[in-house]
Amino acid sequence: MDRVSRQRVLLSWSSGKDSAWCLHSLNNRSDVEVVGLFTSFNEAADRVAMHAVRRVLTDAQARAAELPLFPVFLPWPCSNEQYEAAMRDALTAVHTDLMFDVVAFGDLFLEDIRNYRETQMAKWGFEPVFPLFGEDTHRLARQMTGSGIEAYLTCVDPKQCPAEFAGRRFDDALLDELPESVDPCGENGEFHTFVTRGPIFSSSIPVDVGETVERDGFVFTDLLPGR
């Protein structure tokens, strides 16, 4: 299939393993072309919303993926109305630049999240796609670790996952130790990750594991740009 007929995809980029694997999956298809990434940031902290990853590290990921990254800045605190307005305005502006055909999300099995995205995208005039939806997360997690993806847990919900997992590598050893109640991809919000290496990157992103703190009911581990 030639370049002209390929579907142009804008990918929602959380900085974590699911969006990274979604990019990997899309890159392996001949009928699509990923033309950019977009990420929502807590404007006050200058970090990825929920993952709490520094923006400088997310910028490094985009350079390694050789794709433009479009930030969506969210106020803090942020109401649902403010979130939706910021997302609508940002996507509309990106569409003017990239003329993408669809917006891809790395969601795995949560029907309510998918339904919400479909509703909002339809209101704003965009078509969402979910390349990984319905994948078995136990198999998928092992595929990720086996593919060369390296990631660190940057946020843990201690109500669902042991707090001491914050800051650890997402690898087979961690998967072996996860309680059975924890989804191995963290799809229920048990944990969030930052990817430092993988088949989607031209080079790895060096990081140093920094301080771990508890804030707003979650446990966060800071990742610092490494040498």
Side-chain angles (χ1 to χ4, degrees), residues 1-41 48 58-73 83-137 139-149 151 185 187 193-205:
M1 182 173 294
D2 61 36
R3 182 181 179 86
V4 175
S5 60
R6 296 168 74 190
Q7 189 176 54
R8 293 171 63 82
V9 180
L10 177 69
L11 174 61
S12 174
W13 183 261
S14 70
S15 78
K17 58 181 178 37
D18 296 342
S19 55
W21 192 255
C22 192
L23 177 57
H24 179 57
S25 174
L26 291 168
N27 283 346
N28 285 331
R29 290 174 53 177
S30 62
D31 60 334
V32 302
E33 177 189 7
V34 179
V35 294
L37 313 172
F38 77 97
T39 304
S40 57
F41 291 93
V48 179
T58 314
D59 289 341
Q61 287 182 320
R63 288 193 298 272
E66 301 177 350
L67 288 168
L69 176 70
F70 297 88
V72 183
F73 295 109
Y83 169 79
E84 292 177 358
M87 291 292 291
R88 178 199 62 217
D89 293 346
L91 288 174
T92 300
V94 174
H95 188 262
T96 300
D97 288 339
L98 295 183
M99 297 302 295
F100 57 82
D101 299 309
V102 297
V103 182
F105 296 91
D107 300 302
L108 301 177
F109 61 69
L110 296 178
E111 292 284 355
D112 55 339
I113 299 297
R114 175 170 178 160
N115 292 340
Y116 173 77
R117 297 200 199 282
E118 289 175 335
T119 298
Q120 294 306 122
M121 291 291 123
K123 283 167 53 177
W124 304 334
F126 304 117
E127 180 185 351
V129 295
F130 304 86
L132 305 182
F133 204 82
E135 294 273 0
D136 179 87
T137 54
R139 181 180 60 83
L140 190 60
R142 299 290 181 175
Q143 275 188 303
M144 292 177 185
T145 58
S147 73
I149 279 184
C185 287
E187 180 68 352
T193 60
F194 174 79
V195 173
T196 59
R197 180 186 301 169
I200 55 171
F201 292 153
S202 60
S203 59
S204 60
I205 294 95

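Everything quoted here is computed from the prediction, not taken from an experiment. For the single chain, residues carry numbers from 1 onward in sequence order.
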Is it the case that the side chain of Thr92 and the backbone of Arg88 share a donor-acceptor pair, with hydrogens and angles ignored and the cut-off at 3.5 Å?
yes
Test item: Gln61 side-chain N/O and Val195 main-chain N/O as donor-acceptor pair under 3.5 Å:
yes
Residues in ring-ring contact (aromatic ring centres under 6.0 Å, His included) contact with Phe100, at least two apart in sequence or another chain:
His95, Phe126
Does the Glu66 side chain pair with the main chain of Ser202, one donor and one acceptor, at a distance under 3.5 Å?
no
May I ask you to decide if Leu140's main-chain N or O and Glu135's side chain share a donor-acceptor pair within less than 3.5 Å?
no
Within a strict 4.5 Å, meaning less than it, do heavy atoms of the Asp18 and Met144 side chains meet?
yes
How close do Ala86 and Val72 get, counting heavy atoms only, and between which atoms?
O-CG1, 3.8 Å
Close side-chain approach of Val103 and Phe38, heavy atoms under 4.5 Å
yes
Apply side-chain contact (heavy atoms from CB on, under 4.5 Å) to residues Leu37 and Phe70 and explain how you reach the verdict.
CA-CA 6 Å; Leu37 313 172; Phe70 297 88; over 6 Å; no
Rounded at 0.5 Å granularity, tell me how far CG in Leu26 sits from OG in Ser19.
11.0 Å
I'd like to check Val32 versus Val102 (side-chain heavy atoms, cut-off strictly below 4.5 Å). Are they in contact?
no
Test item: Asp101 and Gln7 side chains (from C-beta on) under 4.5 Å apart, heavy atoms:
yes
To the closest 0.5 Å, what do you measure between CH2 (Trp21) and OG (Ser147)?
4.0 Å
Exercise: do Ser15 and Thr58 side chains pair donor with acceptor under 3.5 Å
no
Check whether Arg8 reaches the backbone of Leu98 with its side chain - one donor and one acceptor, N or O, closer than 3.5 Å.
yes
Going from CE on Met121 to OG1 on Thr119, what distance comes out if it is rounded to the nearest 0.5 angstrom?
10.5 Å
Distance from Glu118 atom CD to Phe130 atom CZ, nearest 0.5 Å?
5.0 Å
Take Phe194 and Val48, measure what side-chain contact (heavy atoms from CB on, under 4.5 Å) needs, and give me the verdict at the end.
CA-CA 10 Å; Phe194 174 79; Val48 179; over 6 Å; no
If we only count heavy atoms from C-beta on, is the Leu67 to Leu11 side-chain gap below 4.5 Å?
no
Do Met87 and Glu84 have side-chain heavy atoms sitting under 4.5 Å apart?
no
I need the Thr145 OG1 to Lys17 NZ distance, nearest 0.5 Å.
11.0 Å
Please confirm whether the backbone N or O of Trp13 pairs with a side-chain atom of Thr39, one donor and one acceptor, at under 3.5 Å?
yes
On a heavy-atom basis, the closest approach of Leu132 and Ser25 is CD2-CB, 4.2 Å
How long is the straight-line distance from CD of Glu187 back to CG of Leu108, given to the nearest 0.5 Å?
4.0 Å
Does Ile113 reach the side chain of Phe105, with side-chain heavy atoms less than 4.5 Å apart?
no
